[in-house]
Every structure is written in C-alpha cells, then in structure tokens.
Amino acid sequence: MTPVAPAVVVAVLLLAAATALLVWLVLTRPRVDRALLANLRRGLGTEQPELDGGSGRGSGLGRVAQRLTTPARRQSLERLWARAGRPPAWQVPRLVVAKLVLPVVAALLTLLYLEVRPGALTVVGGGVVVVVCHFLPELLLHSRAQERSQRITLELADTLDQMTIAVEAGLGFDAALAKAGQNGRGPLAEELVRTLQDIQLGHPRRVAYEALAARTDVVDLRRFVRSIIQADRYGVAVGEVLRTQAAEMRLKRRQRAEEKAMQIPVKVIFPLMLCILPVLFIVLLGPAVLGILKSFS
C-alpha cells in the first residue's frame, strides 16, 4: 500500500472539522427571547423573528464573532443585514463565522488538489477561490439587500397613494401609516410597521423616521422621510405633502421604466453580434462557401 502523506491526513481532518462547523451553523436555529419576538412580530403577520443587530451576544457564537471582528466591521455587517431585511438564517455572527470557515474549506480543498496535480495554475486558482469564498456570504447578503431595495422602490408610489387617500379621508398620518403597513405584504409594509413600533416604544417621530430611511437605504424613501420631517417641523399640511410625493414617485417610476426600455437595444447588441449573427452567417454562407471550394478543387 502507498503511504498516505501526513499533509493529506491533516488536511482531511481540518476539512471534516470545518464542514461539521458549517453544517452546525446552517442547521441550528438561533436562541432568541420569546417576549421580544412576540413584541416584534406584532402586526407583521409572520413567524420570522427580527432582531436588531442579530448579534446573539449571549450565545457562544456571538462571543466568537465579537472576538473575530472589529467593531467598525461588525457595524457595517449589521447595516447590510438590516438592509437585507434581517433574515434569521443570515445573522451577523453566522455571517462572520461563515466568512472564516469557507476560505479554510477552500484552502484545504486546494491543498488536496495540489497533492494530485501540482502547478502554479492550481495555486493561483486556489487563491482566487479562497478570496471569493471569503467575500461570498457578504456578496449574497448584498444581493438580497439590493433586491429588497428595488422592491421597496417599486412599492413606494402605491403605498403613498394609499396613505394619501387615508389622510384625505380624515385619518392622521400615524393611522394612515398603520393602514398602509397592515394592508401591504411587501418589505415596505414591514418597515412601516416597525417604524410604528418604534414610535409606540417611545422613540421620537423624527428618530423613528430617520431610522426607517437608514434601514432601507432607498433614495426615494429617504427623500419622502425628509419631506415628512420638514412638514412636521414647519406645520405644513401632511395631505399636500403626500399628494406631491405620490405624484413625484409615480413620475419617477414611469421614467425608470422608459429608461430601461431605451437600454434594451444597447443590451441586445452584444448577444446579437456574438451569438445570433455568426450562426446566421454560417447557415446562409456555409453552403455557398462549400460549393465554391468544391468547384475550385
């Protein structure tokens, strides 16, 4: 029998340990306080918990994540996690540990592959894979945050229309906000309900509205929040502000749709030149070229 290299044995053991840790991170559910969950789920109509920061400071995983990251980096990940809608399966401690475990797994797999096929190309490819695995969880969370921001942008005009109708019917702004949050089913409705919960817990309205704009990081919603804060400060009628903002959001949505429609011809050029035209030339000119070659031969 061929003796097994010690490096291979160590790599296999480390790979098994890293894989077991990754499976434990995926399968185990975070421990959260039931009273806090009941308070945060009030009015959301969902069973998924939403925790500020998702740090899990009382758990061992939270303590490990705190030791492995700097406070500034942790705050950046928490903001990204909030923008993504606070998914319970992608909490910040798990994200930190996954950013460390995945590169280790990729490095061990690269070492195992080097035993079979050594070479400079394998080393370079393995290094690229390690770097990609380190940033992969953050990239996935960033992609989810972008999709959520786009959904909020699309829902904003219709939500403002509903709030405008409610205010003109005689409701106050907070009641209109509650109606829009209860009748909606998207991420914007969830954020509105969360804003109302912040106000009910004693936060000033301006702070709650600014927190709404910071959590979503949507330009149109931030502009609307700024308008509401200014109207509340200077005593401007909220109904007029809502009507103006709703008309502006509808106009912007139509302009974005027209802009995307105008980008279609430019985006079609490259697939047309690289995929469709070469095949068309082969089909049309191929028989002629074969006939000419046959005649001259």
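Along the sequence shown, residues carry numbers from 1. The figures here come from the full heavy-atom set of this structure, side chains too, leaving out hydrogens, waters and symmetry mates.
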Answer whether the closest heavy-atom distance between the side chains of Thr153 and Leu221 falls below 4.5 Å.
-> no
Rounded to the nearest 0.5 Å, what separation is found between the CG atom of Leu274 and the CZ atom of Phe270?
-> 8.0 Å
For the residue pair Ser149 and Thr216, establish whether any side-chain heavy-atom pair is separated by less than 4.5 Å.
-> no
Do you reckon Val104 sits in the same ILVMFWY cluster as Val131, going by side-chain contacts under 4.5 Å, direct or chained?
-> no
Crowding at CG, Leu284 (>12 non-hydrogen neighbours, <6.0 Å) | yes
Any donor-acceptor pair under 3.5 Å from Arg86 side chain to Arg83 backbone | no
Looking at Glu258 and Arg253, does any basic side-chain N land under 4.0 Å from a carboxylate oxygen?
-> no
Can you tell if the side chain of Leu192 reaches within under 4.5 Å of the side chain of Leu212, non-hydrogen atoms only?
-> yes
Pair Glu115-Leu111, side chain to side chain contact (heavy atoms under 4.5 Å, CB included): steps then yes or no | CA-CA 7 Å; Glu115 293 289 336; Leu111 292 177; over 6 Å; no
Check whether any side-chain heavy atom of Glu138 sits under 4.5 Å from a side-chain heavy atom of Leu80, and report yes or no.
-> yes
Got a salt bridge between Arg256 and Asp220, using NZ or NE/NH1/NH2 to carboxylate O under 4.0 Å?
-> yes
Full working for side chain to side chain contact (heavy atoms under 4.5 Å, CB included) between Val268 and Ile264 | CA-CA 6 Å; Val268 169; Ile264 291 177; 4.0 Å; yes
Donor-acceptor pair, Thr159 side chain versus Glu155 backbone, under 3.5 Å?
-> yes
Across all chains, not counting sequence neighbours, the side-chain hydrogen bond (donor to acceptor under 3.5 Å, both in side chains) partners of Gln162 are none
State whether a side-chain donor-acceptor pair under 3.5 Å links His142 with Gln146.
-> yes
Does the side chain of Ser227 come under 3.5 Å of the side chain of Gln245 through a donor N or O and an acceptor N or O?
-> yes
Does the pair Glu147/Arg151 count as a salt bridge with the N-to-O cut at 4.0 Å?
-> no
Please lay out, stage by stage, how Glu168 and Leu242 fare under the test side chain to side chain contact (heavy atoms under 4.5 Å, CB included).
-> CA-CA 10 Å; Glu168 291 179 349; Leu242 287 174; over 6 Å; no
Side chains of Thr195 and Arg215: do they bring a donor and an acceptor to under 3.5 Å?
-> yes
Can a salt bridge be assigned to the pair Glu190 and Arg194 using a cut-off of 4.0 Å between side-chain N and carboxylate O?
-> no
Group every Ile, Leu, Val, Met, Phe, Trp and Tyr by side-chain heavy-atom contacts under 4.5 Å, then state whether Val238 and Leu177 land in the same group.
-> yes
Between Ala107 and Val130, the two heavy atoms sitting closest are N-CG2, 3.7 Å
About how many Å separate CD1 of Ile269 and NZ of Lys267, when rounded to the nearest 0.5 Å?
-> 12.5 Å
Run the salt-bridge test on Asp161 and Arg250 with the 4.0 Å N-O cut-off and return the result as yes or no.
-> yes
Chi angles and distances behind the side chain to side chain contact (heavy atoms under 4.5 Å, CB included) call for Trp81, Leu141 = CA-CA 7 Å; Trp81 183 67; Leu141 196 61; 4.3 Å; yes
Are side-chain heavy atoms of Asp217 and Arg79 found at a separation under 4.5 Å?
-> no
Can you find a pair of side-chain heavy atoms, one from Arg243 and one from Glu248, that are under 4.5 Å apart?
-> no
Would Leu100 and Val92 show up in the same hydrophobic cluster when neighbours are defined by side-chain heavy atoms closer than 4.5 Å?
-> yes
Shared ILVMFWY cluster between Val193 and Leu156, side chains joined below 4.5 angstrom?
-> no
Give a yes or no on whether the backbone of Pro103 and the side-chain of His134 come within a donor-acceptor separation of less than 3.5 Å.
-> no
Are there more than 12 heavy atoms of other residues, nucleotides or ligands under 6.0 Å from atom NZ of Lys179?
-> no
Taking atom SG of Cys133 and atom CG of Leu139, what is their separation to the nearest 0.5 Å?
-> 11.0 Å
Taking the side chain as every heavy atom from C-beta outward, state whether Arg206 and Asp232 have any atom pair closer than 4.5 Å.
-> no
Look at the aromatic rings of Phe173 and Tyr209 and report parallel, tilted or perpendicular, splitting at 30° and 60°.
-> perpendicular
